[in-house]
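Right, one structure below, let's go through it.
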Amino acid sequence: MTRPILVTSALPYANGQPHFGHLVGAYLPADVFVRYHRMIGSDVLYICGTDDHGVANTLAAEKEGVPYREFVQRGWDVWNDVCGQLGISFDNFSQTCREVPHYALAQEFFLRCKKSGHIVRRDIEQLYSPKTNRFLADRYVVGECYVCGHDDARGDECPKCGSWLEANRLKNPRSRTDPEDKLELRAAWQFELDLKPFSEDPLVKPWLTEFRKGLKTNVSKFVFEKMIEGEGLESRPITRDLPWGVPVPNVDLDGQPIEDVDGKVLYVWFDAPIGYISSTMEWAERENKDWRRYWIRKDGEDGARLVHFIGKDNIAFHCIVFPSMLAWQQVDGDYSLTGPGKGEQYVLPENVPANEFFNLEGKKFSKSDQWTIDIGPFIEKYGVDRTRYYLIAAMPETSDSDFIWRDFKARNDKLANAFGNFASRILKFVAKHFDNRVPALGSETLDRVTNEVRTRTEAMARAIEEYRFRNALDEFLGLAEDGNQFLQDTQPWQLRKTDLAACGAALHQALQYLPALSALAQPFVPGLAASLRTQLNLAPRGAGPLLPSERLAEGHALGEASVLVAKIPDEVIASELEALRGTPED
RNA sequence: GGGGCCGUAGCUCAAUCGGUUAGAGCAGCGGACUCAUAAUCCGUUGGUUGCAGGUUCAAGUCCUGCCGGCCCUACCA
């Protein structure tokens, strides 16, 4: 039996504005992976949701005078719309602010980590804002640099002298969002998750060895050479004093009180990834399925394949922190709990395909500098499939890459010419000269098309399994190029004048590329795949093995041919660039 | 401060452990063809691999220094 597959995309921050960088980094590749697996009949589940807690959300909500819950709901709506527009096919898109099932599960995670001895209490000093009645994170603090005296140093770094600062040592500290808000240093304490034993933990070590082998080099260098073997792991705070978040429970697993936790909530990076699980539980409840199938494995069994798609900034959480939390859910004793019981444990990730960053014409996307592309209008204008096609083709898989308007046109036109026009030239030919029905194959064979389809399909499958989506996309387009080459070699437009049966036989073969192309297109450009099937008068493709491919039988009545992919005029690109730069091009 | 990445054809990018004459696509140029969305197919121009050294039988690849661009540093993909 094949293993179930659980795919997640990084939980977007409810406060964040989605742009192409997010989509191309963590959502689109996951969606391609998931659509591919659905197509071949894998048991795959795709889970996401918004990350609703944390200081940035509370500050933004307060600034607008909106209740927290309402504020993050708006964020959810935005992300849900954008992902929907781009055809990101989540099985469930939840929120970490939902008390059922998220809060209870997050609290259970805390209690189990505590019970298994990985949570410690630590006294700290932190900058406190009397005006807003809370402790502020370093990045919300500004003050006078204690190295160079610059008065506008940030809590983490001085922009003037470049020194690496400790926020607590800043002189004259104040809130970044409100200069009148003078901060004071106050004693506090928080719970911390002690990550020191992580890499040597007997539950973790065997997994870690395997995990390392599958990671892209940029990911494994960061996790292993820098963090585990380099700096070493420390304990990190997992609670904060905030009015918005999952409350730290005040009774432990054994019914003993946990002192002084009023006003404390679980901190974002402890709380957020649990959202992957609670979102799965929510899905299971709705669909009457079993969430444990994807998250829990019995000792000695493989369990599901867990794959986290993220941007590169999220590597530490998904490769170290969340796995440690999952592993440290093991507790002895008889408790009535949701997670793994005796002889069970949570699955640990098989891979964390982290993409690099995606910029716009060489510079970082920035809404405030107007250096951006509005996703909604863009997709309305160019269509979801053409958007997806380009973003996949330009995806920052191995290094940072760019959205480049001229490249968008070039890629789009290539797709229109090699793929769209290929379907069009055959279908119109058959409509004109063969009554729009699949001609007879005669004594010819389908060996050539069958072999080419197999080669391309296998290469595409391999690339997707290795998270090389750009290469996978090339195989799809490559099959269309094979088809064009076939026509060039057989020249049915010549045969028509001399030998109509031979002409029909050639077209019969050429037509067979099209159902295969609709299959290869499906993970990347599902709308185009469907349109092509309509033009072929084929029912939507169900799940099933990629091979053997479908065949258009002799006499099959085809649908009506029309332009699948339109080209983009130069003037359109010129005006987009002008709008972006604010000046006409040189 | 610490760590990492990148620099290859006009443009976007490849090149497994160091191993043949550094490859594709786009653009350009020349040709063939006419079924098709001026498309497709064939051919072709174009490189001192950022600079300077070093190691090696052999360097785009490894080492040192420099120049230029970018990112991470655990709370803004």
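Chain letters run A, B, ... following the sequence lines, proteins first, then strands; residues in each count from 1. Below, all heavy atoms of this structure are taken into account, side chains as well, without hydrogens, waters or symmetry copies.
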Go through the structure and list residues passing salt bridge (charged side-chain N to carboxylate O under 4.0 Å, His left out) with Arg411(A), not counting sequence neighbours.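 Result, salt bridge (charged side-chain N to carboxylate O under 4.0 Å, His left out) vs Arg411(A): Asp407(A).
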Results of salt bridge (charged side-chain N to carboxylate O under 4.0 Å, His left out) for Glu125(A) - residues two or more places apart only: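 Per chain and number, Glu125(A) pairs via salt bridge (charged side-chain N to carboxylate O under 4.0 Å, His left out) with no residue.
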For Tyr46(A), which of Tyr276(A), Phe90(A), Phe309(A), Phe93(A) qualifies under ring pair (Phe, Tyr, Trp, His ring centres under 6.0 Å)? Phe90(A)
At a cut-off of 3.5 Å, list every protein nitrogen or oxygen paired with a nitrogen or oxygen from nucleotides 32-34 of chain B, distance to 0.1 Å.
unit_1, atom_1, unit_2, atom_2, d
C33(B), O2', Trp493(A), NE1, 3.4
U34(B), OP1, Gln494(A), NE2, 2.7

Check the distance between [N]'s [atom2] and [X]'s [atom1] and give it to me in whole angstrom.
| X | N | atom1 | atom2 | value |
| --- | --- | --- | --- | --- |
| Trp269(A) | C75(B) | CH2 | C1' | 11 Å |
| Glu475(A) | A24(B) | CD | C1' | 13 Å |
| Leu415(A) | U37(B) | CG | C1' | 12 Å |
| Ile315(A) | A77(B) | CD1 | P | 12 Å |

Could you tell me which residues satisfy ring pair (Phe, Tyr, Trp, His ring centres under 6.0 Å) with [X], sequence neighbours excluded, listed by chain and number?
| X | answer |
| --- | --- |
| Phe358(A) | none |
| Phe476(A) | Phe419(A) |
| Phe378(A) | Phe20(A), Tyr382(A), Phe403(A), Trp405(A), Phe408(A) |

Just call it for [X]: base, sugar-phosphate, or nothing, with non-hydrogen atoms closer than 4.0 Å on any strand.
| X | result |
| --- | --- |
| Val321(A) | nothing |
| Phe317(A) | sugar-phosphate |
| Arg496(A) | nothing |

Any N/O pairs under 3.5 Å between the protein and nucleotides 68-72 of chain B? List them or say none.
unit_1, atom_1, unit_2, atom_2, d
C70(B), O2', Asp400(A), OD2, 3.4
C71(B), O2', Lys312(A), NZ, 3.2

Nearest nucleotide by nearest heavy atom, which residue falls closer to the 5' end of RNA chain B, Ile404(A) or Val563(A)?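 Closest to the 5' end, via its nearest nucleotide, is Ile404(A).
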Identify, between Gly21(A) and Ala480(A), the residue whose nearest nucleotide on RNA chain B lies closer to the 5' end. Ala480(A)
Which side-chain N or O atoms in residues 479-488 of chain A pair as donor and acceptor under 3.5 Å with protein atoms at least two apart or in another chain?
unit_1, atom_1, unit_2, atom_2, d
Glu481(A), OE2, Lys414(A), NZ, 2.9
Asp482(A), OD1, Arg456(A), NH2, 3.1
Asp482(A), OD2, Arg456(A), NE, 2.9
Asn484(A), OD1, Arg425(A), NH1, 2.8
Asn484(A), ND2, Ala418(A), O, 3.2
Asn484(A), ND2, Ala480(A), O, 3.4
Gln485(A), NE2, Asp489(A), OD1, 3.2

Interatomic distance, CG@Asp474(A) vs CZ@Phe469(A), rounded to 0.5 Å, equals 13.5 Å
Glu475(A) side, atom CD; Ile464(A) side, atom CD1 - distance, nearest 0.5 Å: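 Interatomic distance, Glu475(A) CD to Ile464(A) CD1, rounded to 0.5 Å: 10.0 Å.
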Parallel, tilted or perpendicular: ring planes of His19(A) versus His22(A), cut at 30 and 60 degrees: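 His19(A) vs His22(A) ring planes: tilted.
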Distances for protein N or O near nucleotides 25-29 of chain B N or O, under 3.5 Å:
unit_1, atom_1, unit_2, atom_2, d
G25(B), O3', Lys414(A), NZ, 3.3
C26(B), OP1, Lys414(A), NZ, 2.8

Quick note, salt bridge (Lys or Arg N to Asp or Glu O under 4.0 Å) partners involving residues 46-63 of chain A, not counting sequence neighbours, are Glu62(A)-Arg134(A)
Set out, line by line, the N/O atom pairs under 3.5 Å between protein and nucleotides 42-46 of chain B.
unit_1, atom_1, unit_2, atom_2, d
C42(B), OP1, Gln485(A), OE1, 3.0

Each stem that RNA chain B is part of, given as range with range (3 or more consecutive Watson-Crick or G-U pairs, under 3.5 Å): B:1-7 with B:67-73, B:10-13 with B:23-26, B:28-32 with B:40-44, B:50-54 with B:62-66
Without swapping roles, check the side chain of Tyr467(A) against the backbone of Pro29(A) for a donor-acceptor pair under 3.5 Å.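 Answer holds: no.
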